[in-house]
Undergrad: 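Handing you this structure, nothing more for now.
Convention: sequence-line order gives letters A, B, ...; per-chain numbering from 1.
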Amino acid sequence: MVRSKCGRLWNINLTPERCLEQLVREDRGRLMAALVSRLRDMQRAEDALQEAMASALVHWGRNGLPASPKAWLLQVAWRKALDRIRRGGTEQRGLADLLIRADEVQDAGEDIPDHRLRLIFTCCHPALEAKSRVALTLRTVCGLTTGQIAQVFLDAEPTMGQRLSRAKAKIAGAGIAYQVPGPEAWGERLHSVLTVVYLIFTAGYTAGPVDGRNLCEEAIFLVRLVNGLRPDEAEIEGALALLLITHSRRAARVDELGITVPLARQNRRRWDLRMLSEGRGWLDKAIARRASGPFQIKAAIASLASVESGPTDWPQIAGLYQGLLRWEPTPVVRLNLAVAMAEAGDLDRALDLLHLIGPDMQDYQPFHAAVADLLARSGQGQAAREAYDRAIAMATHSGDARFLIERRAALPD
Amino acid sequence: MKYMLTLYAAPGAEPAPGTPEFDAMMEEYMKLGEGIPGVVTFLAGEGLLPVETATTVRKRTGKVETMDGPFAETREHLGGFYLIEAVDLDAALRFAAEIPAARYGSVEVRPVMEY
């Protein structure tokens with residue numbers, strides 16, 4: 001084994017195909033970011049990279065691997081893009097000259113400057129639909145294929161392809177700038193980025209691995225990347241903490257039979273304690289910055305919920321949800337507050353709160369599961385049974401459904 | 001880039017003329033003419049008379065059809081527009097958010113087609 005030209009350790013006999021595959025997996029985001037920053041057009045960048053990869057297979061197979069495959073790909077993609085633009089007609093030729101001139105200023109030679117933060121902020125722009133932000137980030141920064149993203153959303157591949165094209169066309173057409181926002185918009189735009197990361201993470205929990213790509217890990221990769229490119233930001237650290245703490249419990253979330261195990265009954269020996277403590281470390285750092293925000297609060301809740309031994313501090317969790325309401329006054333946060341209040345012993349007020357948000361929550365499965373649980377605890381067996389039936393019928397994950405079926409069966413007659 | 005900003009609001013949603021709120025709002029509209037230094041230049045902007053004054057025209061098979069009222073029956077009506085030059089969408093959105101109509105109605109931001 002020698003140090004790879006492709007990035008990681010590789011076998012000396014690595015084929016061009018394998019090398020390219022590995023390179024694209026690890027560096028697609030960086031290459032795309034570099035290309036978009038030169039070409040100012042995401043579709044153009046993607047087409048150019050695609051062509052360069054096809055060309056790499058031919059050339060590397062014939063002449064062996066170049067000294068720096070990454071730089072080679074970037075150079076070739078750049079030239080392909082310029083060729084295409086030149087072939088496009090007179091005004092396009094002017095554009096090519098313009099791009100070359102602009103490029104001379106920022107040509108960094110071997111060392112590809114990391115423009116991924118710009119790329120991420122562009123993909124997560126609030127002027128795009130939330131689903132498109134998630135899809136575009138997975139495609140452009142994480143390098144998932146359109147087919148893989150379609151699987152995540154249970155969409156047909158052509159439908160997802162159209163969604164991605166529409167999003168890229170809007171970025172180009174509406175003049176969404178390819179840049180990291182300035183201080184006047186930073187807070188709001190960062191929140192949008194972190195929300196996309198979190199949506200990718202939760203999609204990982206619902207969809208499971210897709211073609212060997214684990215979305216939870218992609219989300220952690222993304223937030224680590226953002227944290228590395230923009231260090232010392234409390235909310236980024238809070239988001240990283242939230243993801244690590246939640247993910248540290250992944251092995252204990254379902255039992256051998258695939259049935260969902262609630263936190264209180266999880267086998268703590270199956271938690272990833274190293275990941276848990278890394279998450280808590282980031283949370284401590286974030287809190288010390290004294291710049292509160294929703295991701296830090298959620299991370300603090302996740303941390304309190306993950307006690308290794310002894311009782312869970314539910315009154316404090318309820319207090320944190322109360323604080324989260326200031327940032328996110330949503331029925332979902334109120335639902336979580338109600339559950340925490342019930343756990344803290346205030347069953348009556350919890351049921352009142354559920355009653356209050358009921359009209360907004362009829363289509364939300366976790367609401368019915370929570371109502372069922374609280375009714376069961378307050379001894380209202382018949383009403384609990386009805387709520388369990390609704391929750392079971394609406395469950396999207398078979399492990400969840402089986403957990404609820406067991407709970408329903410355990411109700412006293 | 002050039003952007004067209006169209007202002008929509010339900011009739012009666014804005015402060016009534018003669019109230020101090022109305023005067024404050026008009027002052028805000030006046031200030032918008034200055035754009036945002038460095039990122040947004042004001043090119044043009046007008047307010048429209050109420051939708052009751054609208055007439056819609058269609059020409060079908062050479063025949064002109066005239067109709068009393070707006071093109072689309074919606075709760076929120078087009079009440080005015082701005083044409084601006086902005087460095088990017090973010091700048092245009094920033095300008096849009098300062099238009100009083102964004103508070104009591106909505107503002108649609110559209111890039112202008114370049115020929």
Side-chain angles (χ1 to χ4, degrees), chain A residues 36-44 85 88-95 98-99 102 115 117-130 132-133 136 165-193 196 230, chain B residues 1-9 27-45 72 74-76 78-115:
Chain A
V36 181
S37 105
R38 292 174 174 196
L39 293 165
R40 308 272 146 188
D41 186 302
M42 227 175 253
Q43 190 61 54
R44 216 171 248 156
I85 294 169
T90 6
E91 44 179 315
Q92 298 268 305
R93 241 168 271 147
L95 175 63
L98 205 75
L99 286 169
H115 290 310
L117 200 58
R118 288 194 207 170
L119 190 60
I120 292 170
F121 271 94
T122 307
C123 291
C124 298
H125 198 284
L128 301 170
E129 212 189 309
S132 301
R133 291 180 223 166
L136 201 57
S165 311
R166 268 202 310 272
K168 281 179 278 193
K170 170 142 189 198
I171 290 172
I176 292 179
Y178 181 63
Q179 66 192 19
V180 176
E184 75 287 342
W186 173 255
E188 181 215 349
R189 296 284 305 277
L190 176 65
H191 187 73
S192 177
V193 167
V196 166
R230 188 57 85 98
Chain B
M1 278 182 75
K2 260 192 206 128
Y3 295 89
M4 172 92 157
L5 281 52
T6 42
L7 285 51
Y8 293 90
E27 207 157 300
E28 280 185 81
Y29 273 114
M30 286 313 190
K31 267 202 74 189
L32 284 167
E34 295 162 22
I36 304 175
V39 291
V40 173
T41 313
F42 169 91
L43 299 177
T74 48
R75 205 177 60 82
E76 294 198 324
L78 178 65
F81 74 90
Y82 280 95
L83 189 66
I84 60 168
E85 176 77 41
V87 289
D88 57 27
L89 182 67
D90 284 341
L93 296 179
R94 231 174 102 194
F95 184 86
E98 305 209 340
I99 301 174
R103 284 199 302 269
Y104 55 80
S106 44
V107 176
E108 183 177 311
V109 180
R110 292 264 291 271
V112 171
M113 201 185 277
E114 313 245 5
Y115 295 98

Undergrad: What's the shortest heavy-atom distance between A174(A) and P111(B), and which atoms?
TA: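 Scanning both residues, the minimum pair turns out to be CA-CG, 3.5 Å.
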
Undergrad: Based on non-hydrogen pairs under 4.5 Å, which of G175(A), G173(A), P126(A) is most in contact with chain B?
TA: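 That would be G175(A).
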
Undergrad: Where do L89(B) and A127(A) come nearest, in terms of heavy atoms and distance?
TA: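 Smallest heavy-atom distance, with atoms named: CD2-CB, 3.6 Å.
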
Undergrad: Distance-only criterion, 3.5 Å: which donor-acceptor pairs connect chain A and chain B?
TA:
from: H125(A); atom 1: NE2; to: D90(B); atom 2: OD1; distance (Å): 2.6
from: A174(A); atom 1: O; to: Y3(B); atom 2: OH; distance (Å): 2.7
from: G175(A); atom 1: O; to: L89(B); atom 2: N; distance (Å): 2.7
from: Q179(A); atom 1: NE2; to: D88(B); atom 2: OD2; distance (Å): 3.3
from: R189(A); atom 1: NH1; to: D90(B); atom 2: OD2; distance (Å): 2.9

